[in-house]
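Written below as C-alpha cells is the structure these notes are about.
Residue numbering restarts at 1 for every chain, and letters A, B, ... go by the order of the sequence lines.
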Number of protein chains: 2
Amino acid sequence: MPTQTKENYLKAIYFLSQENIDVSITELSKKMNVSKPTANNMAKKMQEKGWLFYEKYKPVKLTIKGKRLGALIVRKHRLTEMFLSQVMSFGWEEVHDIAEEIEHINSNLFFDRMDEILGFPTLDPHGSPIPDKNGKVLKVNYLNLSTIKPGQKVRLCGLENSSKDLLLFLNKKKIKLGSVLSILHIEKFDNSFEILLENNSTILLTFDVCLSLLVEEL
Amino acid sequence: MPTQTKENYLKAIYFLSQENIDVSITELSKKMNVSKPTANNMAKKMQEKGWLFYEKYKPVKLTIKGKRLGALIVRKHRLTEMFLSQVMSFGWEEVHDIAEEIEHINSNLFFDRMDEILGFPTLDPHGSPIPDKNGKVLKVNYLNLSTIKPGQKVRLCGLENSSKDLLLFLNKKKIKLGSVLSILHIEKFDNSFEILLENNSTILLTFDVCLSLLVEEL
DNA sequence: TATATTTGTTAGATTAATCTAACTTATTAT
DNA sequence: ATAATAAGTTAGATTAATCTAACAAATATA
C-alpha cells in the first residue's frame, strides 16, 4: 500500500508521462513543489517498490505496475469528482480539491459503490476519461478549439486543463460540457476567436482559452 | 490544523473522557495501540497546541478547545456514516471503517453538503448522536436493556458499542434500530433474556448482548 | 572544444510519529 | 511502612518526508 505522499508522486509522474515519455527529476520536483533532492530520494524509494525505473542521471519512467497504480488513483479521483458533481450537486469548479483528498481513501467497496450509483461513467465532470478497474484508459480523440477554422460549428467535450480560474470563466460565459460553439471569425492580430453561442450571444475567447478547450466538429 | 494522527488522539481522548473525566496515559496508549512513551510525547505536543491539560505524572484532560475539536471530528465521522448508510446504501456494519478515513477530509463544504442532503440528521445509523457544528452533543437518555424487567416492551434506540460482530449478530437475528422487543423471561442461571420479536419469533440474548443494547420503554 | 549552465546527487539536518530499554514516581498490598 | 507492582518519564534510535549547501555529471553555448 503506497502512502498518501507516494500516491501523489505516482500520480504526478503518471500525468507528466503522458506528454513526454520519460520524466526528469527536475520536472517531478516542480510538479510536486519539492526540492530536487527530495524528488530524487523519492524516485529511488519508488524504484525499490517496483513502481518505476531509475538510473543515476537519467529520467525516470513508470513500470507497468506503477502505471497501473497511477491510473487507479486517477480513477478514484475522477469517480469522486463525478460523484460530487452528480450526486452531491457540486459545481465542476469545486470538485477537484475535495477529490484530491478522497482519492486516497482505502476502500474498494466505497469507490465501487460510487461507480455503481453513477451508472459506471466513463468521463468525469470535465470530460476527462475515468480509467477502468484495471487501469485501462479510454482513448478520447478530441480536437483543440485553437485548431478549428472559422465557419465551423463544434461541441465542447473536454478541457485541456481544469484550473479553477478557467472553470469559473466558463461558468460566467455560460459555457459547459456539451455547449455548441460556432466560430464566426478569428482575429488575425491576436488570434482571438469570435464565437456564437446557442443563446445567440456572441463572445470573444482569447487564443489561450481556446487552447484549453477540446471539441468535436458538428 | 491537526494532523490525521493528532485528530485520532483527540478522538480517543474525547471518547475515553465520557466514562471517567480524566484519562491516564496508559489508557490512551492502549486505545491508540501505541507504547506509553509515544502517548506521553503526544500528550505533551497536544498540550502545546492548547488541546489538553498535561502535568507530569497526572492524567490528561481536554481543554474546551480540544473537546470542541474532538466533537467536530466525531461529527464528521457520524455524518459520514449516515451518508454511507442513507445515500450509498451501505449496511450499518460497513460504515465505520470507511468513515474512519473520511472523517479526516478537510472540507467543511463537503460535510455541510452531506448534512443538507441528509436533512440535518441528529443520530447516526447506530443511534449515536451527531454533534452539531459547534461541537454540542444532544444528550440522549436511553436505558440499557440489561436493566429492563420481564414483561416490559421496549424499542431498540441505540448501541453501547457498535462492533462489527455485534452488528452482524443483530443482522442475523433481524434486529435493527426501531425494532420492538418484548421481554418474556430472564433466565436466573445465566441472566440470558428470552425475547419476543415483532415477527413473533422468540430469540435468546445473552446478558452480554443485552448490555450492548440501548432501548426506551413502550 | 572549452566553458557555462542546467540537472542530478551526496551529505547532513529537521520534524512527526513511532519504538525499546532503563529509570522514576505513584499506588497497592501485605 | 515497606516492598511489590503499576504508571509515567527520559534517553536514544528509527523511518518517512522534507530541507539547504556543496559537489558532480550532462548538456548547451560561445
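- Using a cutoff of 4.0 Å between basic side-chain nitrogens and carboxylate oxygens, A:K164 and A:D97 are scored as salt-bridged.
- Remark: B:K176 engages no residue in a salt bridge (charged side-chain N to carboxylate O under 4.0 Å, His left out) (not counting sequence neighbours).
- Salt bridge status for B:R113 with B:E116: present, with a side-chain N to carboxylate O gap under 4.0 Å.
- In this structure, the salt bridge (charged side-chain N to carboxylate O under 4.0 Å, His left out) partners of A:E55, at least two apart in sequence or on a different chain, are A:K58.
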Do any N or O atoms of the protein come closer than 3.5 Å to N or O atoms of nucleotides 15-18 of chain C, and which pairs are they?
residue, atom, partner, partner atom, Å
C:dA17, OP1, B:T3, OG1, 2.6
C:dA17, OP2, B:K6, NZ, 2.5
C:dT18, OP2, B:Y9, OH, 2.9

For every nucleotide of nucleotides 2-8 of chain D, 5' to 3': is a protein heavy atom under 4.0 Å from its base (B), only from its sugar-phosphate (S), or from neither (-)? -----BB

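- Remark: B:K6 NZ is packed, more than 12 non-hydrogen atoms of other residues, nucleotides or ligands lying under 6.0 Å away.
- The ring-ring contact (aromatic ring centres under 6.0 Å, His included) check on B:H96 picks up B:H77, with sequence neighbours excluded.
- Judged as a ring-ring contact (aromatic ring centres under 6.0 Å, His included), and not counting sequence neighbours, A:H126 has no contacts.
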